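Model, not experiment: these values are computed from the prediction.
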Amino acid sequence: MKPFVLLATRAEDAPADEEYALFLRATGLDERDLVRVRLEAGPMPELDLDDLSGIFVGGGPFNASDPPERKSDVQRRVEAEFARLLDDVVARDFPFLGACYGIGTLGAHQGAAIDRTYSEPISVVTVQMTSEGATDPLLAGVPERFEAFVGHKEAISALPPHATLLARSEGAPVQMFRVGRNVYATQFHPELDLPGIETRIHAYADYGYFAPDELDLVLAAVRRVPVMHPGRMLQNFVELYAR
């Protein structure tokens with residue numbers, strides 16, 4: 001089998017390593033078949049799509065809606081690298097699944113409106129599929145209403161006409177969309193389980209997602225209801241595209 005690639009941007013080792021472990025567990029892949037590239041550590045290598053089965057993008061600290069003067073040199077480099085990669089991915093309709101930061105990269109590339117209107121605090125939300133989502137093969141076996149972990153400062157407020165909306169939530173009009181047949185992005189985190197999000201909450205306690213004295217409230221918010229179904233779409237992605 002040709003490998004999949006996880007493009008990651010987390011600078012902190014503990015959440016970065018746990019993110020990789022979560023993707024490995026949710027996909028059922030081993031480290032030979034899911035190659036991690038930490039983009040915050042250095043330039044994106046040349047990726048020959050003919051040598052890959054598909055691409056995953058994890059979450060991260062960057063926001064597409066940040067003013068240019070507030071973006072670090074690393075963020076600007078990563079955004080430019082993603083723009084070049086997505087030129088090829090979208091043109092070839094190559095299997096791609098971006099989670100959280102991935103929805104910002106794909107959305108920005110495709111001309112979506114991205115701003116702070118529909119930010120969501122770290123929590124569990126109910127995601128509702130659209131009619132298109134209910135018949136999409138990536139969501140096979142996932143209930144039309146399901147719980148998912150979220151936590152983001154920005155979100156897509158309007159999709160371009162050529163994109164297909166697959167899911168929404170009460171607090172965010174775009175929780176998942178598709179371009180073409182094989183290029184996907186989610187606002188929620190399909191890879192996360194409860195220990196994983198608890199690790200991230202502690203790791204990013206000083207990053208402005210919540211006030212320092214709200215730590216216990218945030219932990220309670222992610223424990224309020226089980227999250228059982230989003231990981232299925234990662235299994236589906238591998239089953240659909242492994243080659």
Side-chain angles (χ1 to χ4, degrees), residues 1-10 16-62 64 74-75 77-112 114 136-140 156 162-164 166 174-192 230-243:
M1 183 181 75
K2 295 181 180 181
F4 291 82
V5 169
L6 171 62
L7 299 178
T9 58
R10 299 184 186 278
D17 290 344
E18 183 148 31
E19 178 181 68
Y20 184 39
L22 288 165
F23 269 95
L24 289 169
R25 184 158 64 249
T27 59
L29 298 169
D30 61 29
E31 293 184 7
R32 296 169 302 174
D33 296 325
L34 181 59
V35 178
R36 176 174 60 161
V37 178
R38 294 186 63 173
L39 297 176
E40 88 292 341
M44 183 185 296
E46 198 69 34
L47 297 176
D48 187 339
L49 301 187
D50 290 331
D51 294 335
L52 301 176
S53 286
I55 296 170
F56 294 103
V57 178
F62 302 145
V74 173
Q75 181 174 351
R77 170 180 59 78
V78 169
E79 288 179 348
E81 291 168 343
F82 266 117
R84 291 191 295 270
L85 175 66
L86 286 168
D87 285 344
D88 199 10
V89 164
V90 173
R92 294 178 54 171
D93 199 16
F94 185 80
F96 176 96
L97 176 55
C100 197
Y101 179 57
I103 202 170
T105 59
L106 181 60
H109 184 268
Q110 293 297 293
I114 304 173
D136 191 284
L138 195 67
L139 289 160
I156 291 176
H162 65 274
T164 301
L166 299 177
V174 181
Q175 282 288 351
M176 183 175 183
F177 76 96
R178 188 187 71 231
V179 175
R181 298 305 307 172
N182 304 304
V183 181
Y184 294 89
T186 68
Q187 184 64 77
F188 58 88
H189 288 273
E191 82 284 3
L192 272 179
R232 177 63 184 269
M233 65 186 65
L234 298 181
Q235 299 172 34
N236 289 344
F237 190 84
V238 170
E239 291 170 4
L240 286 166
Y241 298 118
R243 59 194 178 102

Fill in the blank from the handout: D17 and R38 have their tightest heavy-atom pair at OD1-NH1, 4.2 Å
Problem - Ring geometry between F237 and F56 (parallel below 30°, tilted from 30 to 60°, perpendicular above 60°) - result: tilted
Problem - Exam field: side chain E191 to backbone E19, donor-acceptor pair closer than 3.5 Å - result: no
Practice task
Answer whether the closest heavy-atom distance between the side chains of H162 and V179 falls below 4.5 Å.
Solution key: yes
Practice task
Give the minimum heavy-atom separation between R32 and V35, together with the two atoms involved.
Solution key: O-CG2, 4.1 Å
Exercise for the section: Mark yes or no for whether Y20, through its side chain, and L34, through its backbone, hold a donor-acceptor pair below 3.5 Å. Expected result: yes
Exercise for the section: Run the numbers on E81 and L7 for side-chain contact (heavy atoms from CB on, under 4.5 Å), then give the verdict. Expected result: CA-CA 11 Å; E81 291 168 343; L7 299 178; over 6 Å; no
Handout entry: Passing candidate, side-chain contact (heavy atoms from CB on, under 4.5 Å) with V174, options I156, L166, I114
Key = I156
Practice task
Could you tell me whether R243 atom CZ has more than 12 heavy atoms of other residues or ligands within 6.0 Å of it?
Solution key: yes
Problem - CZ-CD distance between F177 and Q187, expressed to the nearest 0.5 angstrom - result: 10.0 Å
Practice task
Find out whether L39 and F62 are in side-chain contact, i.e. whether some heavy atom of one side chain is under 4.5 Å from a heavy atom of the other.
Solution key: no
Exercise for the section: Output yes when a side-chain donor or acceptor of R232 lies under 3.5 Å from a complementary backbone atom of L139, and no otherwise. Expected result: no
Fill in the blank from the handout: Minimal heavy-atom distance between A26 and L234, with the atoms involved, is CB-CD1, 3.5 Å
Practice task
Rounded to the nearest 0.5 Å, what's the gap from OH on Y184 to CG on L106? Could you check?
Solution key: 12.0 Å
Exercise for the section: Run the ring-centre check on F4 versus F23 and record whether the distance is less than 6.0 Å. Expected result: no
Handout entry: R178 side chain to G180 backbone, donor-acceptor under 3.5 Å
Key = yes
Exercise for the section: Can you measure from CZ (R77) to CZ (F82) and round to the nearest 0.5 angstrom? Expected result: 10.5 Å
Problem - side-chain hydrogen bond (donor to acceptor under 3.5 Å, both in side chains) pairs, two or more places apart, involving residues 42-60 - result: D50-R92
Handout entry: Sole candidate of L97, V183, L85 that passes side-chain contact (heavy atoms from CB on, under 4.5 Å) when paired with I55
Key = L85
Problem - Test side-chain contact (heavy atoms from CB on, under 4.5 Å) applied to M176 and T186, step by step - result: CA-CA 4 Å; M176 183 175 183; T186 68; 3.8 Å; yes
Problem - Check: V57 and F96 side chains under 4.5 Å, non-hydrogen atoms - result: yes
Handout entry: P137 and L240, any side-chain heavy atoms less than 4.5 Å apart
Key = yes
Exercise for the section: Examine distances only and state if a side-chain atom of R36 and a backbone atom of E31 form a donor-acceptor pair shorter than 3.5 Å. Expected result: no
Problem - Nearest non-hydrogen partners of N236 and L138, listed with the distance - result: ND2-O, 2.8 Å
Fill in the blank from the handout: dist L24:CG -> E18:CD (nearest 0.5 Å) comes out at 12.0 Å
Exercise for the section: Evaluate the side-chain proximity of T27 to D33: yes if any heavy-atom separation is below 4.5 Å, no if none is. Expected result: no
Exercise for the section: Write down the atom of L49, the atom of F94, and the distance for their closest heavy-atom approach. Expected result: O-CE1, 3.3 Å
Problem - T9 to G59 - nearest heavy-atom pair and separation - result: OG1-O, 3.4 Å
